[in-house]
Each structure stands twice: as C-alpha cells, then as structure tokens.
Amino acid sequence: MSEDTRSFAAPPEAGPEGGDLLPEHESRLRGTLAGLVRNRLALFGLLVLGTLLVVGVFGSWLAPAHPTAVDIPNRLAPPSLDSPFGTDHLGRDVFSRVLVGARVSLQVAAIAVGISLVAGVTLGLIAGYYGRLVDDVIMRLMDVLFAFPAILLAIAILGVLGPTMTNAMIAVGIVFTPIFARVTRGSVLSVREETYVRAARSLGASDLRLIRLHILPNVMAPIIVQASVSLAFAILIEAALSFLGLGVQPPNPSWGRMLLDGRDVLRQAWWVTFFPGLAIFFTVAAFNFVGDALRDVLDPRQRSVIESRGRA
C-alpha cells in the first residue's frame, strides 16, 4: 500500500506512521496529564502510587531490618522509635515487612493485569472484528468464566495449579480476562463501522493492518481505564488469596499474608494487621482515584467539558 493510501485510510486518532500527527498526540498526552493534575483525588492517587513504586523498587534497602528475621524476645512489641509499626508474633519488624510486601503486591497486580490485558484485548479484538460464529464462541467462553465469582474462580485455579505466587498471578490474570474481552469487543463493534475503517478496507488493507493501525488505537481509552481499575481489584484478590494461604507463601512478606499472621493476635497486637491493612486501603483507593480521573479525561464528552473550563 502506498503512502498516499495510508494517509487517506488512517484516521487522525490512529496516526500509525506519519510524523505530522506527533504534535496532536503530544497535545492529547499533555491534556490527559493536565486533567489528572487538576483532579485533587487523582493527584493524591498518583503521589501514593509513585511512593509505592519507589518503595516497591527500593524496599529492601529502605527496610530498617530484615523482613524475615525472627526475634522471639521482642515478639508483639508495640510501635516505637526502633520499630515504627511494632513487631509480629515472631518478633519480625512489621514496618520492614510492609515495605518489602509492597513489591509483592504491586508485582502480582501488574503481571496479573498484564496477562489479562493481553489475552482479553486479543480475544475482544477478534470477537468484535470478525463477529458471527467467532464472536459467539469467544463470548460464550467469557460468559462461562463470568459465571463464577472472581475469588472462587481464582481459588479453583490455584487448587489445580498449586498455591504459589506465580500461580496466583496466572489465576488473577484468568479471572480478569473476560472483563477486558468484553470492554474491547464493545468498543470494536462501534469502531469497525467507522468511515475510515471501511475506506481502508476498500483500498485493500489486510485484517491485521486494520486491527493494528485503525481499530486498536481508537479503542484504547476504555481499556486504559479498565486496566487502572483492575489493578486495584487485583491487589484485593491477591491479598484475599494470601490471607487464605493460597498466594505468597511464608516466610516471604505479603500484605494479605500479614493479615493472616495477625488474625490470632488481633486483640493484643492490633498493629500487626492494622498497618498492612492500611497499606492495602491506600493502594486500592489510589488506583480507584486515578481510574476515575482517567475515565473523565479520556471520555470525549468529559474531555470537552474539561477543555472548556480550561479555556474559561
């Protein structure tokens, strides 16, 4: 296909290869970032997530003590200057375990959502683009997965694969795959009939090229929003699986595992469960704040309102 054909077939939103569209994309990126910054809750969420990212990368160096070091004489010590979050039933420093546990929770959430993102978007693109029998088969399979509650499906998968962190990521990824498939399929159904897609098809563009350059770039907004929301739920499911003993295995620290460890000493040592629970709360809230703001900014109707306010 010639350059003239590509310039005629490609929509302004796709911008597959032309350098002339780069300023427009940069402008949209700046507009999205500006919309997030103007939203106070989103800004708070970004700060929390940025802090968690730093903690997740450098938690092992920031921790004042080894997260698995046992110190029985100092077991269940209350928060102090030496141990800001106290110690657990084995004398392990809770603050250090919360710091190192951040890496585990973020890693499980990111990889699990990445698995579901790739699988779900691929299935959604195929189902929405080809339709008919292909659509029916794929979406009925997704409906079967949707019929199971998320946590029960994850438990069933781990019951087959075994309780490890790697299997927990696979299980959570499978749980969220139908969500991305449905979101992608719904967007593709509306985009595939647009004028620029039909024009590119009439000029001989292959299905792969149509999907890659004309459809996928124009359905990314709802996928990005769904990914940010799914990260929050992935952290909750990972914590629930670890609390049930099916996720991260001891002695490795995990926020959910720490809740399990502090369950039996909750009345006499509240800090063992309070601080990892607080970390889960702030992380999930931060992802939800950013997800809500992204939905408002990336929604064309909301974007027009935001831009009109900015010009005013």
Side-chain angles (χ1 to χ4, degrees), residues 41-70 79 82-117 154 163-173 176 227-263 269-291:
L41 289 178
L43 182 59
F44 170 76
L46 289 174
L47 292 176
V48 171
L49 295 179
T51 303
L52 284 173
L53 183 60
V54 173
V55 170
V57 174
F58 302 103
S60 300
W61 291 274
L62 297 175
H66 196 281
T68 61
V70 176
D82 294 332
S83 182
F85 290 176
T87 61
D88 64 5
H89 64 294
L90 294 178
R92 297 172 297 190
D93 185 65
V94 175
F95 180 66
S96 300
R97 291 177 64 80
V98 169
L99 291 180
V100 178
R103 175 189 300 176
V104 175
S105 295
L106 293 177
Q107 179 182 355
V108 171
I111 295 178
V113 172
I115 293 173
S116 60
L117 180 67
T164 64
M165 186 175 73
T166 300
N167 292 339
M169 292 186 288
I170 296 173
V172 177
F176 285 113
S228 63
V229 175
S230 296
L231 285 169
F233 284 103
I235 288 177
L236 286 176
I237 293 180
E238 183 278 326
L241 292 174
S242 296
F243 181 80
L244 295 173
L246 298 174
V248 178
Q249 298 300 304
N252 296 323
S254 166
W255 292 342
R257 186 74 198 187
M258 293 175 70
L259 294 178
L260 175 61
D261 293 338
R263 180 186 59 180
W270 55 268
W271 52 87
V272 179
T273 56
F274 175 78
F275 290 109
L278 195 66
I280 295 173
F281 169 78
F282 276 111
T283 304
V284 172
F287 276 119
N288 284 329
F289 291 154
V290 174

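Both backbone and side-chain heavy atoms feed into the values below; hydrogens, waters and symmetry mates do not.
- Inter-residue side-chain proximity for Leu241 and Val108 is flagged as unmet; no heavy-atom pair is nearer than 4.5 Å.
- Nearest heavy-atom pair, Pro79 versus Pro84, reported as atom, atom and distance to 0.1 Å: CB-O, 3.1 Å.
- Atom CZ of Phe85 is surrounded by more than 12 heavy atoms from other residues, nucleotides or ligands within 6.0 Å.
- For the pair Val100 and Ala63, the tightest heavy-atom approach, listed with the atom from each and the gap, is CG2-CB, 4.5 Å.
- Between Phe44 and Phe282 there is a side-chain heavy-atom pair separated by less than 4.5 Å.
- In this structure, the side chains of Phe275 and Met258 stay at 4.5 Å or more apart for every pair of heavy atoms.
- When side chains are defined from C-beta on, Leu49 counts as touching Val290, because their heavy atoms get closer than 4.5 Å.
- With rounding to the nearest 0.5 Å, the separation of CG in Leu106 from CZ in Phe287 is 6.0 Å.
- Remark: the backbone N or O of Gly245 is not paired with any side-chain donor or acceptor of Arg257 at under 3.5 angstrom.
- Interatomic distance, Thr68 OG1 to Asn252 CG, rounded to the nearest 0.5 Å: 8.0 Å.
- Here Asp93 does not pair with Arg97 in a salt bridge; the nearest charged N to carboxylate O distance is not below 4.0 Å.
- Rounding to the nearest 0.5 Å places CZ of Arg92 at 11.5 Å from NE2 of His66.
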Might you work through the side chain to side chain contact (heavy atoms under 4.5 Å, CB included) test for Thr283 and Trp255, ending with a clear yes or no?
-> CA-CA 11 Å; Thr283 304; Trp255 292 342; 3.5 Å; yes
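- Judged by distance alone, the side chain of Ser116 and the main-chain N or O of Val113 form a donor-acceptor pair under 3.5 Å.
- Shortest non-hydrogen contact noted between Asn288 and Ala232 is OD1-CB, 3.8 Å.
- For the pair Thr273/Arg263, no side-chain contact is recorded, criterion being any heavy-atom separation below 4.5 Å from C-beta on.
- Pairing each heavy atom of Val248 with each of Ser254, the nearest pair is CB-CB, 3.7 Å.
- Atom CG of Leu46 is separated from atom CG of Leu41 by 11.0 Å, given to the nearest 0.5 angstrom.
- Taking CD1 from Ile170 and CD1 from Ile115, the interatomic distance works out to 6.0 Å, rounded to the nearest 0.5 Å.
- Taking every heavy atom of both residues into account, Pro276 and Leu259 meet most closely at CG-CD2, 4.2 Å.
- Considering all non-hydrogen atoms of both residues, Arg103 and Val57 come closest at NH2-O, 3.3 Å.
- Rounding to the nearest 0.5 Å gives a distance of 12.0 Å between CG of Leu231 and OG of Ser105.
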